[in-house]
Every structure is written in structure tokens, then in C-alpha cells.
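What follows is a short report on a single structure.
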Amino acid sequence: MKTMKLRKTFQTYGVIRIEDLSKVDFSQVGETSADTIRKNVLNPPTQFVLKWDIEPSFIADGTVIPDGLYTHQECLELMATEVWSLPEPEVEEK
């Protein structure tokens with residue numbers, strides 16, 4: 001019997017300005033590097049998302065001030081908006 005590994009759900013999700021990316025200590029958040037963050041789909045991107053269970057020191061001390069804080073469900077809803085997701089291509093019916 002094959003077992004499925006569940007993905008971890010973090011307690012807090014923060015939307016951060018792209019200018020603050022260099023201030024992030026990735027050892028304190030759920031992402032591993034600037035290459036693994038979710039950016040909005042604007043050109044150029046203006047924000048990205050970080051997730052954590054324990055508030056990172058760079059947020060606690062005001063080095064980075066999130067534009068918004070969200071629960072997992074709220075973040076899923078935000079990610080479904082046109083600023084965060086490209087529209088699904090329309091499929092022509094035959």
C-alpha cells in the first residue's frame with residue numbers, strides 16, 4: 001500500500017514587496033530561496049509570498065513590513081485572483 005505524504009500547511013502567509021526580497025532570511029520561512037517564492041504575475045512582479053509558523057526576526061523587528069498577512073485559506077483565495085494567477089487558456093470546442 002502506497003502512502004501519500006501530506007504537504008505542510010503553515011500558520012501565516014505574508015505578501016511582501018519585491019524590493020524587500022534581499023532582506024529575507026530564508027532559514028526562517030517555508031521557502032528555501034528567492035527561486036522558490038511565489039511572485040505575482042505583473043510585469044515586472046511587485047510582490048511575493050512567504051509562509052511561516054514562527055514570525056521571522058526580519059518581520060518582528062520591522063526590517064520587512066508585509067503588505068498583508070493571511071491564513072492558508074485566505075492565501076489560497078488570493079492566489080486565485082488575476083494578479084497572482086494567469087487566466088486559464090480557453091479551449092475551443094470541436
Side-chain angles (χ1 to χ4, degrees):
M1 184 170 151
K2 187 176 183 180
T3 58
M4 290 182 59
K5 185 177 180 182
L6 297 176
R7 295 176 100 183
K8 177 170 175 37
T9 301
F10 290 85
Q11 289 184 353
T12 306
Y13 293 72
V15 172
I16 313 293
R17 289 182 302 279
I18 203 80
E19 302 84 49
D20 290 332
L21 183 56
S22 64
K23 301 173 188 172
V24 172
D25 177 351
F26 285 98
S27 71
Q28 298 181 34
V29 294
E31 295 72 22
T32 56
S33 72
D35 296 329
T36 62
I37 59 170
R38 171 83 180 258
K39 298 176 189 170
N40 64 20
V41 296
L42 301 177
N43 188 13
T46 57
Q47 296 175 311
F48 63 96
V49 175
L50 293 177
K51 53 189 179 272
W52 62 85
D53 288 326
I54 299 170
E55 186 176 51
S57 62
F58 57 86
I59 291 177
D61 69 12
T63 300
V64 173
I65 299 172
D67 288 339
L69 297 175
Y70 303 90
T71 65
H72 182 251
Q73 185 58 45
E74 291 167 336
C75 191
L76 288 176
E77 292 169 12
L78 179 64
M79 295 301 106
T81 65
E82 64 186 23
V83 174
W84 290 93
S85 295
L86 295 172
E88 292 288 323
E90 292 194 25
V91 178
E92 289 185 30
E93 292 186 33
K94 294 182 180 182

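Residues: numbered from 1 along the sequence shown.
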Give the cluster check for [X] versus [Y]: same hydrophobic cluster or not, with ILVMFWY residues linked at side-chain heavy-atom distances below 4.5 Å.
| X | Y | result |
| --- | --- | --- |
| Ile59 | Phe26 | yes |
| Val15 | Ile37 | no |
| Trp52 | Leu21 | yes |
| Leu69 | Leu50 | yes |
| Phe10 | Met79 | yes |

Kindly give the heavy-atom pair with the smallest separation between [X] and [Y], and that separation in Å.
| X | Y | value |
| --- | --- | --- |
| Ala80 | Ser85 | CA-OG, 4.0 Å |
| Thr36 | Glu31 | OG1-CB, 3.5 Å |
| Val29 | Phe58 | CG1-CZ, 3.8 Å |

Enclosure of Leu76 CG (heavy-atom neighbours >12, cutoff 6.0 Å)
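Result for CG/Leu76: enclosed.
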Does a donor on one side chain and an acceptor on the other come within less than 3.5 Å for Ser57 and Gln28?
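Yes, a side-chain donor-acceptor pair sits under 3.5 Å.
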Non-neighbouring partners of Ile54 that pass side chain to side chain contact (heavy atoms under 4.5 Å, CB included), sequence neighbours left out
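For Ile54, no residue satisfies side chain to side chain contact (heavy atoms under 4.5 Å, CB included) once neighbours in sequence are set aside.
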Could you measure the distance from the CZ atom of Arg38 to the NZ atom of Lys51? Nearest 0.5 Å is fine.
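Taking CZ in Arg38 and NZ in Lys51, the distance rounds to 10.0 Å.
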Residues 39-49, side-chain donor-acceptor partners within the protein, below 3.5 Å, at least two apart:
residue	atom	partner	partner atom	Å
Asn40	OD1	Thr46	N	3.0
Asn40	ND2	Thr46	OG1	2.7
Gln47	NE2	Asp67	OD2	2.8

